[in-house]
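Letters A, B, ... are given to chains in the order of the sequence lines, protein chains preceding strands, and every chain is numbered from 1.
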There are 2 protein chains.
Amino acid sequence: MSGATVGKLKAAQRIQSAAKDLFYRQGIRATGVEEVCRVAEATKMSLYRTYPSKDALIAAILSEDACEWDSWFAEVTAAAPSARGKLEAVVMAMAAKLADPEYRGCPMLLAQAEFPDPEHPTHQLVARFKARVCDCLSDLAREAGAAEPEMLGDMLGMMVDGAWASLPHLGGARAAETLRKGAETLFRSALPDDS
Amino acid sequence: MSGATVGKLKAAQRIQSAAKDLFYRQGIRATGVEEVCRVAEATKMSLYRTYPSKDALIAAILSEDACEWDSWFAEVTAAAPSARGKLEAVVMAMAAKLADPEYRGCPMLLAQAEFPDPEHPTHQLVARFKARVCDCLSDLAREAGAAEPEMLGDMLGMMVDGAWASLPHLGGARAAETLRKGAETLFRSALPDDS
DNA sequence: ATAATAAGTTACCGAACGGTATCATCAAGG
DNA sequence: CCTTGATGATACCGTTCGGTAACTTATTAT
């Protein structure tokens, strides 16, 4: 069974991984399923045996992205001793990602922009994810003693999204520096000195 | 001549205006030229007589958007007496736009997200525009006495882009409030008290 | 009035789209 | 061995895509 399962997963995994990469680099709508299969070295039938539609494939990829963010967030905040330290660690890790030339924007945000209709499942999936990110930041802000933790969480989330969006015209290094300085300013203003 | 010109412009204008609306609400790639012509009550031939390609139509719309932003910026800043007042006026006007339920994001940012390839003309056009916006903000920041005007301009631009991106999950009212508070914090930290 | 120009009409092009059907292949498990 | 399940291969479906050709109809400036 494990062999068969590995075999099956191998096909689906290749497809999902290739699609993730192509969707990110070229755009989702700009990438056809045939190209995905060609790059994945698989056939269209393998794709449609696992995913009932292209939309389902998109949803699977975004869900995976969301899960990976959870791991990333947990890992990044684990080391810091205080809530404020965790917030600062998140900002620093984000800045590091921005400076990585491989990144050209937040995959979730890009996907959302390709489906502007608020009723579209993809649009809503991203909105829920972003709301959860803001919640995580707000929780840390509350723990760090912010007077208005939700507001600080939203402001941070806004700044982070803005950093992704600024990447094309600011460049990675400058976007990272701007995010660090901006977040630091917000922290100094909204968090108690002793935190 | 004016009559003929008006007639010609009328067709092209209808097409461009319909395309602008459809591209914004449905996405550029998701909207076909036939649909644009149907809504514009024009024919495909009229479109291709004025614009050599769909890409040219996109470029024309984005250029128009950029021009409209120039006017908007000039109008919004005209009333304020000081440079700092102009900056605050821009933020307030942006917040008002965010609260308008008709807006669902920055058209330029949405367009850029649909063409992730940094080499694509549309992507670059938006990048140049955003850089110019940051420059305008930096100029005001310098005039207002900021120690690091470019940094403040970039931070503001980042915050504004983030506000657009946050619209789907924060909603207009909360996005507007978050932007106002965030910008105010940046101002208090980066501008002298007497400005 | 007439020549010129803009716009509409209709039909078409090749290509790519998302998605499906049929059948062959091939590896592993009983 | 031989069945079973996953994968590959290939051809095909109807639709839509961006874009063009040929021709007719209005408007309008001289």
Could you pull out the closest heavy-atom pair between A:Leu179 and A:Leu98, with the gap in Å? CD2-CD1, 3.8 Å
salt_bridge(A:Arg38, A:Glu34) N-O dist < 4.0 Å: no
A:Ser46 near the nucleic acid: base, sugar-phosphate alone, or nothing, with a heavy-atom cut-off under 4.0 Å? sugar-phosphate
For residues 136-143 of chain A, please give each side-chain donor-acceptor pair under 3.5 Å, one per line with the distance, not counting sequence neighbours.
residue	atom	partner	partner atom	Å
A:Ser138	OG	A:Cys134	O	2.9
A:Asp139	OD1	A:Arg142	NH1	3.1
A:Arg142	NH2	A:Glu150	OE2	2.9

Using whole Å, report how far CZ of A:Arg14 lies from P of D:dA6. 15 Å
Salt bridge present between B:Glu184 and B:Arg188 (N-O < 4.0 angstrom): yes
Tell me: CD1 of A:Ile15 to P of D:dT7, nearest whole Å? 8 Å
For a quick check, with a 4.0 angstrom heavy-atom cut-off, what is the B/S/- contact string for nucleotides 17-24 of chain C, read 5' to 3'? SSBBB---
Main-chain N/O of A:Pro118 paired to A:Gln124 side chain as donor or acceptor, under 3.5 Å: yes
Counting heavy atoms not belonging to B:Glu41, are there more than 12 under 6.0 Å from its CD? no
Would you kindly give the CZ-to-P distance between B:Arg38 and D:dT16, to the nearest whole Å? 10 Å
